[in-house]
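So you know, we letter chains A, B, ... as the sequences are listed, proteins then strands, and number each from 1. All heavy atoms count here, side chains included; hydrogens, waters and symmetry mates do not.
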Amino acid sequence: MLDKTYRPKEAEAEAYRLWEETGAFAAEPERNAERFTIVIPPPNVTGKLHTGHALNNTMQDVLMRYHRMRGDDAMWMPGMDHAGIATQMVVERGLEAEGKTRRGLGREAFVERVWDWTQQSGETIRNQLRSLGAGPDWARERFTLDEGLSEAVRTVFVRLYKERLIYKDLRLVNWDPKLRTAISDLEVQQQETDGHLWHFRYPVEGEPQRSLTVATTRPETMLGDTAVAVHPDDPRYKDLIGRKVILPLVDRPIPVIADDYADPATGSGAVKITPAHDFNDFEVGLRHDLPKINIFDETAHLNDKVPEAYRGLDRFEARKKVVADIEALGLLEKVEPHRHTVPHGDRGGVPIEPFLTEQWYLDAATLAKPAIAAVEEGRTVFHPKQWENTYFEWMRNIQPWCISRQLWWGHQIPAWYGPDGTCFVEMTEEEAATAAKAHYGEAVELSRDPDVLDTWFSSGLWPFSTFGWPSQDAEVTANLERYYPGSVLVTGFDIIFFWVARMMMFGLHFMGEVPFRDVVIHGLVRDERGKKMSKSLGNAMDPIELIEQYGCDAVRFTLLALAVPGRDLKLAPVRLEGYRNFATKIWNAARFAEMNEATAAAASNFDPGKCKEPVNRWIIGRTVEAKADLAAALEVYRFDEAASGLYRFLWNRLCDWYIELAKPLLADAATAGETRATLAWALEQTLLLLHPMMPFLSETLWQQLGYGAKGPLVSQRLPDYPPALRDPAADADIEWLIELVGEVRGLRSEMNVPAAAKVELLLSDAGPETKRRLEAQSEAIGRLARLSRLEAVGEPPPKGSALFVIGEATAAIPLAGVIDLATERARLEKEVGKLEAEASKLERKLGNANFLAKAPEEVVEENRERLADMSGRRERLSGALARLSA
RNA sequence: GGGCGGUUAGCUCAGCGGGAGAGCGUCUCGUUUACACCGAGAGGGUCGGCGGUUCAAAUCCGUCACCGCCCACCA
């Protein structure tokens, strides 16, 4: 016997154990079936999962379970990402708490420490995914830093280097002075900041009374100025071009140059040029062959290229001192408040410095071309499609990708340097040594490049590296051929550039084929008020806590129901409660079935096609419909529609109507057998349909109701229903019944008939079909509408009745002495008024020759039918109204 | 400065060329043997404004307003 309510906690542990024990999640490469592949977006091993992960993995899990139940060979590749900077920072913070530092520990010991952390975090994440009900093929789990994937990374690096698509370059990079590493453009966040615009006077050389005013938001960089630029056509400064100004504080003469970059309309029209500390100035410097004076060290403290007084100051202190000193010299013209965007490192959170260093770059523009074409040609399709614009926009303007990082946690770059700096890029140190020997003619000592690769470099290989690429092993090759490209990638829009774009580029370059056919983009999970969830705001919801509180299936179903494509979702407790109630509702429907012995035994040998009772035939039809709706929704990744369809079917069809209508049938020996079997069958089908979205509840009920003999629900196949299972005649009968009951209930309520009181229902003008329906369903109708008498009568409705129209018949509830005539008259008048308005609207439409000529035939026909119906109702109701008044 | 998205019932959101919908909330009634995490019923909307296309517009086009997000080197 089922418990009074569903208890998710025990049920979840039990079901997951069953799935793992039966190997339900294992892909079946040997089975001859269509394959369905998803590679997981590998979570970072930075701690634990958030609600965004819950959404992302639930969507994937639904697709996996659904496709497995459809009979596909379902391959869900699990794994995690080492997440370079992010993980290194987490571990460093831990060290800090112990009073230790990364550098104090040394590289080797530190990396070991990160591995320890990774084990821990990995275990947490694995358990969280299990709690979510996610069922990937655990035996295949990979890590971006494991041996196989590291070999893939080295292979890709060496190949691209040899193809000259990876190269070293000395140029300005985005430098994070806190983390002391280069970062890529994507890791830079522009932040609106209230700053100042300082106007400095630079005295003209040999003409001390005259000066050139420049404006800057970064006064400290003036110590590295090597020119002042003016527009070549700016009449104010024409005579100064080619002359020099004296850089204050430094007393260095610097040239006034002519360059289009200087905008006469902005500020004074003259702009200071600091080639080593500004991306634009760097370009200007190249054009004019200016020296680049780097005034910072890697922590953005001033170095020995500046006058003694400034050395060792950090950039913010230096700013204050420079401004003060300029002011003391009387060269500060003015200071204006100025709002501008300041680039910040997305991890370190401090302003980044454009910094002149040698780094490794990847020629992304070359790799992007086929990746753009693939999406243009539809070989990979985004859902919703509008995200393709975002992808194109970025890919078409892509810049060289800085892939080296001055970190310790990551894939160390496979480059070795000889004594004279010659670089050897090879798979192993031995191969580098061999190459070096050939180069130098003798064995030399090599030193390895200390840098590691951007974490997204290895993530970009994930769709094929996880299957064992580049191993030539026969099994690996077969696997790769079978499971690449993936069917679907499910991910958030926030990593389209970081990850999706890179997988496209690498996949096409190394596999010659796109990494996935469909890209499903979901939104961000926000809090109830639409705020981004964050630890600092304190509004972050822990998915595991939610699961404890509401049950996993409720959490899953909520996320899915809210997952409208291309839109962020607001996760509110009230929604979670609603879907928790839904789970309870299903549980109770099952309890009802169990109490009536409508369980597995009753459903065995049942042929739904041979049912007699319209009620039973009707719910069978609704079930068939529900499956079609579910399939259609999932086909286009409309998880929200899949969820609402099941909700409607289960609650509004199965529970609200079928179970209620089945009650009298179950009580009658003549119909009990068939109805029991139908109920059992419908519930069984419901569990099959529900399973991808609510795996725990459905599996638990499957077992409890005795279906477990067929094996676990997770491994069942979804049936294909024969079309003949739908019976339009039965549907019409039951829809008529539903309408009739609804009308009576509405009237009772409006007329304030006490709930316990039974009333009579008399139908005038009933045709043969209505009479047949009345006859067949009188018991159910009587029960649901609380009637003491129900029949068709030859005479018009008695006076003092509440009236409504159903089909061709007029229904009357005699309420003489109960109803207030005036109230009923008012109600009918309102009703007639509404029908009148509707009908006249339709009449106008149908009276329009253009409409008749241009609208499709079926639209015209539909409108005619509606008009006929409206007019019929109106006439009968106004007739009734007349008699009431008479 | 570019680009994208949004504006529909009190709230959260579907619908995106032919009868304005759902869930929650509100109000009324109800403890009939699945379920009060329940049942029955009701009220509630100039579909942001204006203009256009069309026989027909919440739905397509233009425009304006407001709200988000992404990208971008202006001193």
Side-chain angles (χ1 to χ4, degrees), chain A residues 2 4-6 185-186 190 197-199 214-218 229 261-263 265-274 278-283 338 340-341 343 354 384 386-387 389-390 393-394 397 493-494 496-497 523-524 528 530 550 554 561-562 564 566-572 574-575 577-596 638 640-641 644 647-648 651-652 655-656 659-660 663 741-742 745-750 752-756 783-786 838 841-842 845 848-856 858-860 862-863 866 870:
Chain A
L2 291 175
K4 186 95 198 243
T5 51
Y6 173 50
D185 297 347
L186 283 177
Q190 300 292 339
L197 198 55
W198 287 272
H199 296 254
V214 296
T216 180
T217 55
R218 300 208 50 200
Y261 169 64
D263 175 5
T266 305
S268 65
V271 56
K272 65 191 267 311
I273 301 297
T274 322
D278 181 279
F279 289 101
N280 288 309
D281 294 6
F282 183 81
E283 296 298 322
H338 184 66
H340 61 140
T341 58
Q386 81 227 18
W387 287 109
N389 291 328
T390 306
E393 179 65 21
W394 190 70
N397 299 301
F493 61 79
D494 49 331
I496 290 178
F497 304 148
L524 238 52
E528 197 172 356
Y550 299 101
L562 296 177
V564 172
R567 222 167 139 143
D568 289 348
L569 46 112
K570 295 182 194 170
L571 187 56
V574 65
R575 303 303 299 265
E577 278 166 31
Y579 292 116
R580 184 255 273 129
N581 297 352
F582 179 52
T584 308
K585 187 78 180 175
I586 299 163
W587 181 265
N588 280 299
R591 239 162 64 90
F592 174 79
E594 192 190 34
M595 287 168 128
N596 288 280
R638 288 300 304 261
D640 58 326
E641 287 184 354
S644 60
Y647 188 96
R648 252 195 323 273
W651 202 312
N652 303 129
C655 292
D656 286 351
I659 287 184
E660 293 310 319
K663 281 174 183 173
V741 170
R745 284 172 169 173
L747 276 187
R748 290 179 58 114
S749 184
E750 243 171 296
N752 291 318
V753 177
R783 179 191 166 93
L784 295 175
R786 299 199 65 73
E838 264 309 305
K841 225 168 99 183
L842 288 167
K845 205 173 200 180
N848 182 339
N850 271 326
F851 173 70
L852 296 176
K854 293 185 180 171
E858 68 264 25
V859 173
V860 175
E862 196 192 317
N863 278 281
R866 230 166 48 221
M870 295 288 166

Counterpart residues, side-chain hydrogen bond (donor to acceptor under 3.5 Å, both in side chains), relative to Asn652(A) (two or more places apart):
Asp656(A)
Contact class for Ser644(A) (heavy atom, under 4.0 Å): base, sugar-phosphate, or nothing?
nothing
In whole Å, measure the gap between the P atoms of C69(B) and G18(B) for me.
33 Å
Whole-Å gap separating C1' (G39(B)) and CZ (Phe592(A))
15 Å
For Asp656(A) and G39(B), give me the distance from atom CG to atom P, rounded to whole Å.
6 Å
Would you kindly give the CG-to-P distance between Asp568(A) and C67(B), to the nearest whole Å?
18 Å
Under the side-chain contact (heavy atoms from CB on, under 4.5 Å) test, which residues partner Lys585(A), sequence neighbours left out?
Trp651(A), Cys655(A)
Residues in ring pair (Phe, Tyr, Trp, His ring centres under 6.0 Å) contact with Tyr579(A), at least two apart in sequence or another chain:
Phe557(A), Tyr647(A)
Taking any heavy-atom pair under 4.0 Å as a contact, classify Asn848(A): base, sugar-phosphate, or nothing.
sugar-phosphate
By salt bridge (charged side-chain N to carboxylate O under 4.0 Å, His left out), Glu283(A) pairs with (sequence neighbours left out) none
Please write out the pairs of protein N or O atoms and N or O atoms of nucleotides 70-73 of chain B separated by less than 3.5 Å, giving the distance to one decimal.
| unit_1 | atom_1 | unit_2 | atom_2 | d |
| --- | --- | --- | --- | --- |
| C73(B) | O2' | Asn280(A) | ND2 | 3.1 |
| C73(B) | O2 | Asn280(A) | OD1 | 2.6 |
| C73(B) | O2 | Asn280(A) | ND2 | 2.9 |

Between Lys585(A) and C37(B), is there a side-chain N or O to OP1/OP2 distance below 4.0 Å?
no
Starting at the 5' end of nucleotides 19-29 of chain B, put B wherever the base has a protein heavy atom under 4.0 Å, S where only the sugar-phosphate does, and a dash everywhere else.
B---SS-----
Quick one: side-chain contact (heavy atoms from CB on, under 4.5 Å) partners of Lys4(A), sequence neighbours excluded?
Arg591(A)
Starting from P on G5(B), measure out to CG on Leu524(A) and report it in whole angstrom.
18 Å
Please determine whether side-chain contact (heavy atoms from CB on, under 4.5 Å) holds for the pair Leu569(A) and Val564(A), giving the CA-CA distance in whole Å, both sets of side-chain angles, and the decisive distance to 0.1 Å.
CA-CA 8 Å; Leu569(A) 46 112; Val564(A) 172; over 6 Å; no
Atom OH of Tyr6(A) to atom C1' of A34(B): distance rounded to whole Å?
17 Å
Taking only residues two or more places apart in sequence, or in another chain, which ones meet Thr217(A) in a side-chain contact (heavy atoms from CB on, under 4.5 Å)?
Leu197(A), His338(A), His340(A)
With sequence neighbours left out, what residues match Asn848(A) under side-chain hydrogen bond (donor to acceptor under 3.5 Å, both in side chains)?
none
If the C1' atom of A9(B) is compared with that of G43(B), how far apart are they to the nearest Å?
11 Å
Every stem of 3 or more Watson-Crick or G-U pairs under 3.5 Å that RNA chain B joins, in order of first number, is B:1-7 with B:65-71, B:10-13 with B:21-24, B:26-30 with B:38-42, B:48-52 with B:60-64
Using a 4.0 Å heavy-atom cut-off across all strands, classify Lys663(A) as base, sugar-phosphate, or nothing.
base
To the nearest angstrom, how far is Arg218(A) atom CZ from C74(B) atom P?
14 Å
Mind checking if Ala262(A) touches a base, just sugar-phosphate, or nothing, with heavy atoms under 4.0 Å?
base
So what does Ala572(A) touch, heavy atoms closer than 4.0 Å: a base, only the sugar-phosphate, or nothing?
nothing
Less than 4.0 angstrom between a side-chain N/O of Asn596(A) and OP1 or OP2 of A34(B), yes or no?
no
Among residues at least two apart in sequence or on other chains, which ones pass side-chain contact (heavy atoms from CB on, under 4.5 Å) with Tyr261(A)?
Asp259(A), Val271(A), Ile273(A), Asn280(A), Asp281(A), Val284(A), Arg287(A)
Could you measure between the two C1' atoms, the one in G68(B) and the one in A20(B), and give it in whole Å?
26 Å
Please check if the number of heavy atoms outside Lys663(A) that lie under 6.0 Å from its NZ is greater than 12.
yes
Is a donor on one side and an acceptor on the other found under 3.5 Å between the side chain of Arg748(A) and the backbone of Ala755(A)?
yes
Just to be sure I understand the rule, does Arg567(A) reach a base, reach only the sugar-phosphate, or reach nothing, if contact means heavy atoms closer than 4.0 Å?
sugar-phosphate
note: Lys854(A), atom NZ; U53(B), atom P; distance rounded to Å ~ 13 Å
Please tell me which of the listed nucleotides, C13(B), A34(B), G18(B), lies nearest to the side chain of Pro856(A)?
G18(B)
Does Arg745(A) have a side-chain nitrogen or oxygen under 4.0 Å from the phosphate oxygens OP1 or OP2 of A42(B)?
no
Round to the nearest Å and state the distance from Arg748(A) atom CZ to A42(B) atom C1'.
16 Å
I'd like to check the side-chain hydrogen bond (donor to acceptor under 3.5 Å, both in side chains) partners of Asn397(A); sequence neighbours left out, ordered by chain and number.
none
Per Arg638(A) side chain, nearest of listed nucleotides G18(B), U12(B), G15(B)
G15(B)
Considering only C35(B), C55(B), C13(B), which nucleotide approaches the side chain of Asn850(A) most closely?
C55(B)
Quick one: label Glu660(A) by what it contacts on the DNA or RNA (base, sugar-phosphate, nothing), any heavy atom closer than 4.0 Å.
base
